[in-house]
Asker: 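Before we start, here is the structure in question, set down as structure tokens.
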There are 2 protein chains.
Amino acid sequence: MRDSADLKKAGLKATLPRLKILTILEGAKERHMSAEDVYKALLDSGEEVGLATVYRVLTQFETAGLVIRHNFEGGRAVFELNQGHHHDHMVCVECGKVFEFYDPAIEARQRKVAETNGFVMEEHSLYIYGTCDGLKKSGVCSKKTRSSTLV
Amino acid sequence: MRDSADLKKAGLKATLPRLKILTILEGAKERHMSAEDVYKALLDSGEEVGLATVYRVLTQFETAGLVIRHNFEGGRAVFELNQGHHHDHMVCVECGKVFEFYDPAIEARQRKVAETNGFVMEEHSLYIYGTCDGLKKSGVCSKKTRSSTLV
DNA sequence: TCCAAAATGAGAATAGTTATCGTTGGCTTG
DNA sequence: CAAGCCAACGATAACTATTCTCATTTTGGA
């Protein structure tokens with residue numbers, strides 16, 4: 001559970017809007033939210049926070065390492081709390097759900113490729129797009145209209 | 001060298017704007033161009049093509065499999081001619097240059113991960129962001145202001 | 001050559017995001 | 001505990017990338 005101490009540690013004042021946004025990110029059922037999603041969640045819980053502030057704070061959180069920004073297909077950025085352990089993503093193009101995975105072999109090969117080419121890797125992103133058919137059978141994929149949810 | 005035959009094979013009329021755009025994509029020094037880049041290149045070579053047409057045609061080319069669209073960090077889409085052989089990308093955050101690579105082991109592991117999780121993979125994208133220090137020594141990295149070129 | 005259908009170009013419209021600026025609030029000092 | 005400074009906020013304007021609209025022009029076949 002993050003609180004004002006985490007904000008101060010990140011060099012940010014512990015203001016009300018920042019704490020509220022942090023709370024939303026922690027309590028959300030979907031770990032990956034767009035700025036708009038966070039804004040709507042705030043409104044739904046009766047909080048008065050401007051959209052501009054949401055964008056501003058999310059960017060500050062990203063800079064501070066508290067959240068990670070993703071640019072999935074579609075041009076809309078999504079954010080997730082940085083839980084410390086790196087992982088990659090599989091995005092279902094049918095239902096828009098995002099699944100996380102970690103593969104040591106892939107990580108190792110990426111470092112190898114960068115090194116071999118004299119490239120100093122700062123970060124990397126790997127997204128697998130497809131349909132969660134197998135998962136769908138178990139009720140996970142709710143089959144919304146394609147690309148309506150995927151951002 | 002692509003020509004009107006390739007367009008017809010893709011189910012597209014061989015119109016002048018389409019041929020011009022194809023020519024630009026083939027002749028460009030940078031294989032990865034944004035719609036704006038293509039538009040400017042057309043103007044520079046004295047061609048009269050509207051920006052809307054560039055966007056429209058690039059999307060049609062993508063659908064037809066002639067080009068591949070990438071969403072690098074920064075929210076701007078870039079396009080490259082589809083040369084048939086799949087590859088991933090390393091993007092230099094200093095000079096904006098894009099390097100391509102192909103690693104069979106990574107490809108195999110990705111398929112494995114998708115399969116293991118009951119996920120039917122349609123496509124995937126792997127981007128490594130960093131600095132081409134080693135390459136820079138050999139004069140490849142021109143060290144422009146950071147992120148001005150990277151899109 | 002003629003025509004219908006498809007494509008184009010100019011500009012309006014949209015979506016997502018960032019910048020501006022007067023007001024508010026957190027926090028330190030007295 | 002009050003005062004004040006500066007960072008942060010909220011509303012909204014501005015911006016960037018992209019798509020849509022629609023009147024005009026091309027393309028490719030009859």
Side-chain angles (χ1 to χ4, degrees), chain A residues 3-22 24 32-40 42-43 46-64 66-67 69-79 147-151, chain B residues 3-24 32-43 46-64 66-67 69-79 147-151:
Chain A
D3 59 3
S4 55
D6 294 278
L7 291 178
K8 297 211 178 106
K9 195 169 5 163
L12 297 169
K13 272 190 192 172
T15 65
L16 241 43
R18 284 175 185 155
L19 288 169
K20 289 174 187 168
I21 291 173
L22 211 42
I24 290 292
H32 300 79
M33 307 178 78
S34 67
E36 195 77 30
D37 290 337
V38 173
Y39 179 63
K40 288 201 188 109
L42 285 165
L43 294 188
E47 302 293 355
E48 293 286 323
V49 176
L51 180 57
T53 300
V54 173
Y55 274 103
R56 204 165 19 203
V57 170
L58 285 174
T59 298
Q60 291 163 344
F61 282 5
E62 183 195 14
T63 303
L66 289 174
V67 305
R69 179 196 302 258
H70 296 287
N71 295 289
F72 293 154
E73 290 182 340
R76 181 178 306 186
V78 296
F79 301 81
S147 87
S148 70
T149 320
L150 173 59
V151 288
Chain B
D3 58 5
S4 55
D6 294 277
L7 291 177
K8 296 210 178 108
K9 194 170 5 166
L12 298 168
K13 275 190 190 174
T15 65
L16 238 45
R18 284 175 185 155
L19 288 169
K20 288 174 187 168
I21 291 173
L22 211 43
T23 303
I24 291 292
H32 300 78
M33 306 177 78
S34 67
E36 196 77 29
D37 291 337
V38 173
Y39 178 63
K40 289 200 188 110
L42 285 166
L43 294 188
E47 302 292 355
E48 292 286 323
V49 176
L51 180 56
T53 300
V54 173
Y55 274 102
R56 204 164 20 201
V57 169
L58 285 173
T59 299
Q60 292 163 343
F61 282 4
E62 183 195 14
T63 303
L66 288 174
V67 306
R69 179 195 303 256
H70 296 287
N71 295 289
F72 293 155
E73 289 181 341
R76 180 178 306 185
V78 295
F79 301 82
S147 85
S148 71
T149 321
L150 175 59
V151 287

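Values below: all heavy atoms of this structure, side chains included; hydrogens, waters and symmetry mates excluded. Chain letters run A, B, ... following the sequence lines, proteins first, then strands; residues in each count from 1. These figures come from a predicted structure and were not determined experimentally.
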Asker: Report yes if a side-chain nitrogen or oxygen of T53(A) is closer than 4.0 Å to either non-bridging phosphate oxygen (OP1 or OP2) of dG10(D); otherwise report no.
Answerer: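 Yes, T53(A) has a side-chain N/O under 4.0 Å of OP1/OP2 on dG10(D).
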Asker: Check the distance between dT8(C)'s C1' and L19(B)'s CG and give it to me in whole angstrom.
Answerer: 14 Å
Asker: In whole angstrom, give the distance that lies between atom NZ of K20(A) and atom C1' of dG26(C).
Answerer: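 One finds 14 Å between C1' of dG26(C) and NZ of K20(A), rounded.
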Asker: Nearest of dG26(C), dT19(D), dC9(D) to any side-chain atom of P17(A)?
Answerer: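 Side chain of P17(A) sits closest to dC9(D).
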Asker: How is E36(B) classified with respect to the nucleic acid when contacts are heavy atoms under 4.0 Å: base, sugar-phosphate, or nothing?
Answerer: nothing
Asker: Taking donor-acceptor contacts at under 3.5 Å, does the side chain of R18(A) reach the base of dG26(C)?
Answerer: no
Asker: Could you tell me which non-hydrogen atom of D37(B) sits nearest to which non-hydrogen atom of H32(B), and how far apart they are?
Answerer: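 Distance-wise, the nearest heavy atoms are OD2-O, 4.5 Å.
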Asker: Let me know the distance between CD of E62(B) and P of dT19(D), rounded to the nearest Å.
Answerer: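 E62(B) atom CD is separated from dT19(D) atom P by 10 Å.
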Asker: With side-chain contact (heavy atoms from CB on, under 4.5 Å) as the test, would you mind laying out the steps for V49(A) and L16(A) before giving the verdict?
Answerer: CA-CA 9 Å; V49(A) 176; L16(A) 241 43; over 6 Å; no
Asker: Where the side chain of R56(B) is concerned, which of dT19(D), dG10(D), dT8(C) is the nearest nucleotide?
Answerer: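 Output: dT8(C).
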Asker: Can you tell me the distance, in whole Å, between the CG atom of D37(A) and the C1' atom of dA15(C)?
Answerer: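 One finds 14 Å between C1' of dA15(C) and CG of D37(A), rounded.
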Asker: In whole Å, I'd like the distance from the CG atom of L42(A) to the P atom of dC9(D).
Answerer: 12 Å
Asker: Of K13(B) and Y39(B), whose nearest nucleotide on DNA chain C comes first from the 5' end?
Answerer: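 Per heavy-atom nearest nucleotide, the more 5' residue is K13(B).
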Asker: Taking NZ from K8(B) and P from dT26(D), how many angstroms apart are they, rounded to a whole number?
Answerer: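 Going from NZ in K8(B) over to P in dT26(D) covers 18 Å.
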Asker: Looking at L7(A) and A14(A), what are the two nearest heavy atoms and their distance?
Answerer: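 So the two residues come closest at CD1-CA, 4.0 Å.
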Asker: Between dA11(D), dT18(D), dA7(D), which nucleotide has the shortest distance from any of its atoms to the side chain of A77(B)?
Answerer: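 From the listed options, dT18(D) comes nearest.
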Asker: Can you measure N71(A) atom CG to dT16(D) atom P for me and round it to whole angstrom units?
Answerer: 18 Å
Asker: When the nearest nucleotide of DNA chain D is assigned to L51(B) and to L16(B) on a heavy-atom basis, which residue is associated with the more 5' position?
Answerer: L51(B)
Asker: What's the CG-P distance between L7(B) and dA7(C), to the nearest Å?
Answerer: 11 Å
Asker: Looking at Y55(A), I'd like to know whether one of its side-chain N or O atoms comes within less than 4.0 Å of OP1 or OP2 on dT17(C).
Answerer: yes
Asker: Does the side chain of T15(B) get closer than 4.0 angstrom to OP1 or OP2 of dA6(C) through an N or O atom?
Answerer: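 Looking at the OP1 and OP2 atoms of dA6(C), neither is under 4.0 Å from any side-chain N or O of T15(B).
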Asker: Of all the choices, dT8(C), dT27(D), dC27(C), which nucleotide is nearest to the side chain of A14(A) once you look at every atom?
Answerer: dC27(C)
Asker: How close do I24(B) and A41(B) get, counting heavy atoms only, and between which atoms?
Answerer: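 That would be CG2-CB, 3.7 Å.
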Asker: Given that A52(A) and V49(B) both sit by DNA chain C, which one's nearest nucleotide is further toward the 5' end?
Answerer: V49(B)
Asker: Would you check, one step at a time, whether the test side-chain contact (heavy atoms from CB on, under 4.5 Å) holds for Q60(A) with T63(A)?
Answerer: CA-CA 5 Å; Q60(A) 291 163 344; T63(A) 303; 5.6 Å; no
